[in-house]
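Following: one structure in structure tokens, then a few remarks.
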Number of protein chains: 2
Amino acid sequence: MAVAESARKKSGAAIDVSSMDKVIGYRLRRAQHYVFQQFGESFAQYDLRPSEYSTLVLVEDNPGRRQNEIADALGIKKANFVALIRGLVERGYIELAQPPSDRRAHALHLTEAGRQLTKQIRKTQDDFEAHCIEMLGGIDARDQLIALLDRLTPPRER
Amino acid sequence: MAVAESARKKSGAAIDVSSMDKVIGYRLRRAQHYVFQQFGESFAQYDLRPSEYSTLVLVEDNPGRRQNEIADALGIKKANFVALIRGLVERGYIELAQPPSDRRAHALHLTEAGRQLTKQIRKTQDDFEAHCIEMLGGIDARDQLIALLDRLTPPRER
DNA sequence: TATTGTTATACTCTATAACTATA
DNA sequence: TATAGTTATAGAGTATAACAATA
């Protein structure tokens, strides 16, 4: 009843959304959009997008790896990763090294400032994740969700 | 082992993605992106985006409702809904009526062509959905997923 | 020949503010 | 004053093709 109440609001009767409310793609989209919106609020102080967060974390966990390896792991096309990396380099969080073995490549590393930032944002993310897990109903529900999402995503896209 | 195999490919060791692989927002994003990509392949013959599909279906189920009511129900901002509706009107699928009670408003209806198209694309969507449900492991898994997504989405965003 | 990173480009989605015409 | 729809605009995200330097 509370749902119908808020759905009505100023308008007349509620809109019938029964054709959409079990559509997997649609519901994934809505949930993802809402979660990212809240992520944005949590990370507003850092002015970091989700893709920038994940890049910093992956570079920390995989120091010295190539630009394209990190991009691939995150499902970001190399062409679109260039500006993202440039932004993080300009902000002083990431630095590029040249592997002697391959002068085309960029080996990614965090700077000291990058390490400090990443330490902080991991905490922010942990808090935010705890909030999401609470919304879901606990760790078991989270694990259940991840297991289901696993099946919707091909192996190399994880 | 198959996963590690495909993750390695041409590169050296696999990238450590353990910091991201249980992050709800990230995993939602990856799954949603993959599902929408496949949706796009299924609907290529119609040249219809997911938002256009859901608009046609909601207009059919809620004939005569206002533009903004449909937009709200789908979580689309009214400003962004204008071009979407215009496209569907130009393609002859939707027509606008003027409610005598409010000359500002547009009441949305499907045209005959719109009804025919919607009949077809509902079938295409049903087939696609069956494929997604199969990936998930059956109807029960689907219902479980929807129930979990419910908790991640505030009531008025469904 | 193939790969790394890059540029250029285009299209989609989303967001906000300000406008118009009506209410 | 407020609402329905519109316009303009800006910022992200994503996609493809083509290029230079290097392998």
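Below, read A as the first sequence line, B as the second, and so on, with proteins coming before strands; counting in each chain starts at 1.
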Between [N] atom [atom2] and [X] atom [atom1], what is the distance in whole Å?
{"X": "A/Arg66", "N": "C/dA2", "atom1": "CZ", "atom2": "C1'", "result": "13 Å"}
{"X": "A/Leu96", "N": "D/dA21", "atom1": "CG", "atom2": "P", "result": "19 Å"}
{"X": "B/His106", "N": "C/dA23", "atom1": "NE2", "atom2": "P", "result": "12 Å"}
{"X": "B/Gln32", "N": "C/dT12", "atom1": "CD", "atom2": "P", "result": "16 Å"}
{"X": "A/Tyr34", "N": "C/dT14", "atom1": "OH", "atom2": "C1'", "result": "17 Å"}

Select one nucleotide: of [options], the one nearest the side-chain heavy atoms of [X].
{"X": "A/His33", "options": "C/dA2, C/dT14, D/dA4", "answer": "C/dT14"}
{"X": "A/Arg29", "options": "C/dT6, C/dC13, C/dT22", "answer": "C/dC13"}
{"X": "B/Arg103", "options": "C/dT22, C/dC13, C/dG5", "answer": "C/dT22"}

For DNA chain C, determine which residues of residues 42-59 of chain B have any heavy atom closer than 4.0 angstrom to one of its atoms, and list them numerically. B/Arg49
List in numerical order all residues of residues 74-94 of chain A for which some heavy atom is under 4.0 Å away from an atom belonging to DNA chain C.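 Within residues 74-94 of chain A, the residues near DNA chain C are A/Lys78, A/Ala79, A/Val82, A/Arg86.
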By the salt bridge (charged side-chain N to carboxylate O under 4.0 Å, His left out) test, which pairs, at least two apart or in different chains, include something from residues 85-96 of chain B? B/Glu52-B/Arg91
Residues 35-49 of chain A vs salt bridge (charged side-chain N to carboxylate O under 4.0 Å, His left out), sequence neighbours excluded, gives A/Asp47-A/Arg49
Side chains of A/Tyr34 and A/Arg30: any donor to acceptor distance under 3.5 Å?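 Note: A/Arg30 and A/Tyr34 side chains miss the donor-acceptor criterion.
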Please list, chain by chain and in numerical order, all residues satisfying salt bridge (charged side-chain N to carboxylate O under 4.0 Å, His left out) with A/Arg103, sequence neighbours excluded. none
Run the salt bridge (charged side-chain N to carboxylate O under 4.0 Å, His left out) test against B/Lys78 and tell me which residues pass, sequence neighbours left out. none
Where at least one partner belongs to residues 49-94 of chain B, residue pairs that pass ring pair (Phe, Tyr, Trp, His ring centres under 6.0 Å), sequence neighbours excluded: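 Checked against ring pair (Phe, Tyr, Trp, His ring centres under 6.0 Å) - neighbours excluded - the pairs reaching residues 49-94 of chain B are B/Phe43-B/Tyr53.
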Between the side chains of B/Asp61 and B/Arg122, is the shortest nitrogen-to-carboxylate-oxygen separation below 4.0 Å, so that they form an ion pair? yes
Nearest heavy atom decides the nucleotide; on that basis, is A/Gln37 or B/Ser101 closer to the 5' end of DNA chain C? A/Gln37
Any donor-acceptor pair, under 3.5 Å, between the side chain of A/Arg104 and the base of C/dT4, if you only look at N and O atoms? no
Please list all pairs meeting side chain to side chain donor-acceptor pair (under 3.5 Å) that have one or both residues in residues 127-140 of chain B, counting only residues at least two apart or in different chains. B/Gln125-B/Glu129
Could I get the full list of side-chain contact (heavy atoms from CB on, under 4.5 Å) partners for B/Asn62, not counting sequence neighbours? A/Ile15, A/Asp16, B/Leu58, B/Arg65, B/Ile70
Whichever of A/Pro100 and B/Asn68 has the more 5' nearest nucleotide on DNA chain D, that residue is B/Asn68
